[in-house]
There are 2 protein chains.
Amino acid sequence: MTTELSADAPSGLLEQARKDYQDLAGRGLSLNLTRGKPAPEQLDLSADLLSLPAGRHTAADGTDVRNYGGLQGLLEIREIFADVLQVPVGQLLAAGNSSLELMHDCLVHALLSVLPGAESRWVDQERIAFLCPVPGYDRHFALCERFGIEMIPVPMTAEGPDMAVVERLVAEDPAVKGIWCVPKYSNPDGVCYSDATVARLAAMSAAAPDFRIFWDNAYAAHHLTDEPAEIADLLAACAEAGNPDRAFVFGSTSKITAAGAGVAFFGSSPANVQWLLGNNAKRSIGPDKVNQLRHAMFLRDADGVRAHMERQRALLQPKFEMVARILETELGGTGLARWTDPKGGYFVTLEVPDGCAKEVVRRAAEAGIVLTPAGATHPYGDDPRDATIRIAPSYPGLAELEQAIEGLAVCVRLVGYEQQAA
Amino acid sequence: MTTELSADAPSGLLEQARKDYQDLAGRGLSLNLTRGKPAPEQLDLSADLLSLPAGRHTAADGTDVRNYGGLQGLLEIREIFADVLQVPVGQLLAAGNSSLELMHDCLVHALLSVLPGAESRWVDQERIAFLCPVPGYDRHFALCERFGIEMIPVPMTAEGPDMAVVERLVAEDPAVKGIWCVPKYSNPDGVCYSDATVARLAAMSAAAPDFRIFWDNAYAAHHLTDEPAEIADLLAACAEAGNPDRAFVFGSTSKITAAGAGVAFFGSSPANVQWLLGNNAKRSIGPDKVNQLRHAMFLRDADGVRAHMERQRALLQPKFEMVARILETELGGTGLARWTDPKGGYFVTLEVPDGCAKEVVRRAAEAGIVLTPAGATHPYGDDPRDATIRIAPSYPGLAELEQAIEGLAVCVRLVGYEQQAA
């Protein structure tokens with residue numbers, strides 16, 4: 001998506017788009033494409049969780065999962081996800097129901113206690129900055145904003161963030177303490193980091209001794225094709241490159257089992273794991289181990305996760321295919337849009353002509369189709385080209401999704417041709 | 001427990017104690033009285049939780065509890081605990097599995113974002129101090145220590161903290177931002193705050209505009225007699241006194257249902273609730289609502305909680321009675337000890353002669369009886385009189401408990417008579 005979008009608008013196209021939009025607005029739709037939420041049918045795949053662990057309350061090692069303790073999380077659930085998340089089981093923690101919480105807490109602890117390798121708490125430093133590959137995930141950016149962490153956008157490429165830019169900024173600026181990465185099927189553009197990108201991230205020199213890669217592997221097992229993407233093992237690469245403490249790996253079952261009642265994971269070097277455990281020991285007397293046992297019984301092993309994700313794919317793939325088909329039918333050849341064709345994950349990125357995204361989202365909302373706010377994919381909500389729209393096809397049913405994407409296409413034509421006519 | 005402990009040691013008592021200790025040490029015991037953990041039999045009372053919510057996944061208001069969202073927590077579980085915790089349901093949040101986490105996070109958010117009424121973030125202030133009624137809960141103190149919050153001990157009385165001291169410190173020192181309170185069946189000495197104490201806490205003038213009472217109502221429903229203690233409604237008292245934002249109320253089902261897999265609660269003024277929700281919205285996409293539904297189905301209503309706590313009492317009361325009986329038999333009239341007779345909660349406080357607590361704990365450990373470290377009941381682990389020992393009778397079975405308390409009594413006689421002989 002690098003060439004400029006443009007088109008000669010043959011006469012009549014704008015008129016037709018206006019007429020189509022009038023029809024659309026008259027239909028009284030109420031559709032929502034904002035959030036990457038699993039659909040009820042996806043959650044039904046984990047219905048067994050709702051009556052587990054049945055009578056059982058003892059973990060494999062004899063732990064009574066109902067009682068206090070066990071800060072690391074249950075071994076059996078960590079064993080399953082060690083494989084999925086590419087983290088040695090001894091360096092993987094199983095926690096509560098949200099990996100976003102773990103990212104938040106890692107920032108909090110880095111702000112308020114000294115990270116391995118750090119000279120002082122982040123809160124005692126004049127300026128803290130994070131690199132933000134764009135487009136990216138709005139909740140990562142919201143965490144930075146909430147803690148006054150400066151965000152520096154870095155362009156994405158088909159192989160991950162533009163590493164020449166990343167390397168320069170990380171090497172030169174000691175205030176750059178971190179980078180947000182969604183390395184597999186990235187949010188929102190579905191990019192998988194290449195091996196070269198992972199190797200460069202692991203090996204690059206950093207001005208900050210406490211530089212961290214926030215590796216949000218949210219879609220590790222969330223494939224949409226027969227050829228599951230594999231990414232290189234960042235944690236191992238960092239260790240090999242002599243930067244063992246550089247990577248914080250996050251993941252969860254939120255989009256595997258239940259979005260609000262899953263299990264989240266943190267993996268890192270032994271030093272970082274001890275640092276987080278030490279901080280967590282002040283905060284908690286242990287995670288919900290009953291839920292961890294419930295998940296271990298339900299998923300069984302890494303193969304169980306893969307089989308389960310095939311069932312998820314069977315529900316999701318038709319939605320992504322429908323989005324691609326409608327966008328091609330309605331916008332193909334117009335020169336008004338480009339879109340991604342993700343091989344996994346939860347999103348499609350729609351790129352419209354510069355200066356059009358906000359207006360497309362506004363017109364869609366007026367017609368009853370709620371989209372993620374334009375700009376949300378960029379730090380401070382500021383997409384400088386105003387061109388990126390994130391589509392989340394997972395939640396609506398197929399019929400609703402069809403209406404929503406057709407309606408969205410109408411809005412793109414309307415706004416695009418209006419701009420050309422202006 | 002205010003008069004000085006002392007005794008004339010008739011000759012032979014030390015010799016007998018030494019002999020008893022030698023017998024004790026020879027028995028090869030391995031007993032643990034350290035933590036206020038529920039016993040397995042108590043957890044069995046909530047066995048039904050392990051197969052709930054069965055097939056159900058919809059809350060009363062139609063929310064799909066499996067999916068993201070619902071930061072406030074499910075209405076049905078908040079309705080049950082609004083009554084128990086004396087918080088209007090609209091001002092009560094249901095969260096994760098730990099109220100300690102909520103206390104930690106309130107400190108974090110106060111450090112890193114501006115509290116209602118505050119002039120700046122706590123982290124930007126030179127000095128932050130909390131009042132710590134002693135004896136108190138070591139995990140409260142550990143939170144202060146972890147964040148560099150200065151702790152100022154305040155003596156406990158039979159009606160709660162010594163309010164003359166509290167009022168003076170809070171009125172005079174703008175760095176005093178908070179006080180830790182366990183208002184009902186306090187940890188460890190089982191004190192219930194009197195109505196006068198609650199009224200004075202609510203109405204006293206504070207030099208800090210952002211002064212907060214951390215009201216850890218951990219034992220709100222945890223009675224051991226037929227006359228359940230009632231405490232005054234702090235939140236209402238604060239509002240009436242014109243200090244509506246003064247109280248943070250915490251509670252959980254950890255010692256009601258499952259210690260590691262319960263539901264925690266936060267209640268406060270509308271402004272504070274909005275403040276916490278706003279901060280939580282950056283951290284999480286919602287708590288585990290499946291677990292909240294599970295609890296609401298199991299407990300049903302406030303009466304259900306009361307009935308359940310009667311069953312808990314049936315298991316706990318004999319243990320507390322046994323502790324009192326053995327202490328009376330073994331130490332009554334020796335002048336070597338005083339102990340509390342709590343009407344609820346989880347602990348008995350044993351007071352030994354000044355300078356003896358650490359040594360008693362050490363001798364007990366050598367004989368295979370692990371006690372909470374002496375000093376843990378005081379900030380920085382420093383009990384200036386070295387006289388307080390916390391006994392946690394809930395976890396061991398009756399036979400083990402009997403051995404442990406008898407052994408402890410031997411250690412008290414040994415150390416006490418040794419001191420007198422020295």
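Quick caveat: nothing in here was measured; it's all calculated off a predicted structure. Every chain is numbered from 1, with letters handed out A, B, ... down the list of sequences. The figures here come from the full heavy-atom set of this structure, side chains too, leaving out hydrogens, waters and symmetry mates.
- Only the backbone of A:Arg56 comes within contact range of chain B, with at least one heavy atom under 4.5 Å from a heavy atom of that chain.
- Side-chain contact check for B:Leu49 versus A:Arg66: every heavy-atom pair is 4.5 Å or farther apart.
- Considering only heavy-atom pairs separated by less than 4.5 Å from chain A, the leading option among B:Glu145, B:Arg139, B:Lys289 is B:Arg139.
- Across A:Val290, A:Leu100, A:Leu43, A:Asn97, the residue that shares the most heavy-atom pairs under 4.5 angstrom with chain B is A:Leu43.
- In this structure, chain A has a heavy atom under 4.5 Å from the side chain of B:Leu111, while its backbone stays farther away.
- With a 4.5 Å cut-off on non-hydrogen atoms, B:Pro287 touches chain A through its backbone but not through its side chain.
- Contacts with chain B were tallied for A:Arg121, A:Lys282, A:Met103, A:Arg35; A:Lys282 has the most, counting heavy-atom pairs under 4.5 Å.
- B:Asn279 places no side-chain N or O within 3.5 Å of a backbone atom of A:Arg146 that could act as its donor or acceptor partner.
- Your options are B:Val108, B:Leu293, B:Ile285, and the one with the most heavy-atom pairs under 4.5 Å with chain A is B:Ile285.
- In this structure, the side chain of A:Asn67 does not engage the main chain of B:Pro40 through any donor-acceptor pair within 3.5 Å.
- Listed by first and then second residue, the salt bridge (charged side-chain N to carboxylate O under 4.0 Å, His left out) pairs involving residues 98-113 of chain B are A:Arg283-B:Glu101, A:Arg283-B:Asp105, B:Asp105-B:Arg283 (not counting sequence neighbours).
- Note on A:Ala54, A:Ala259, A:Ser113, A:Ala258: by heavy-atom pairs under 4.5 Å with chain B, the leading option is A:Ala259.
- The shortest distance between side-chain heavy atoms of A:Asp288 and B:Asn291 falls below 4.5 Å.
- With a 4.5 Å cut-off on non-hydrogen atoms, A:His109 touches chain B through its backbone and its side chain both.
- Only the side chain of B:Leu143 comes within less than 4.5 Å of a heavy atom in chain A; its backbone stays farther off.
- Side-chain atoms of A:His57 and B:Leu50, non-hydrogen and from C-beta on, do get closer than 4.5 Å to each other.
- Neither the backbone nor the side chain of B:Asp138 comes within contact range of chain A, judged by heavy atoms closer than 4.5 Å.
- With chain B as the partner, the residue from A:Asn280, A:Asp124, A:Asp44 showing the most heavy-atom pairs under 4.5 Å is A:Asp44.
- For B:Ser98, the part lying near chain A is the side chain, with the backbone staying farther off; criterion is any non-hydrogen pair under 4.5 Å.
- Looking at B:Tyr68 and A:Pro38, their side chains come closer than 4.5 Å, going by heavy atoms from C-beta outward.
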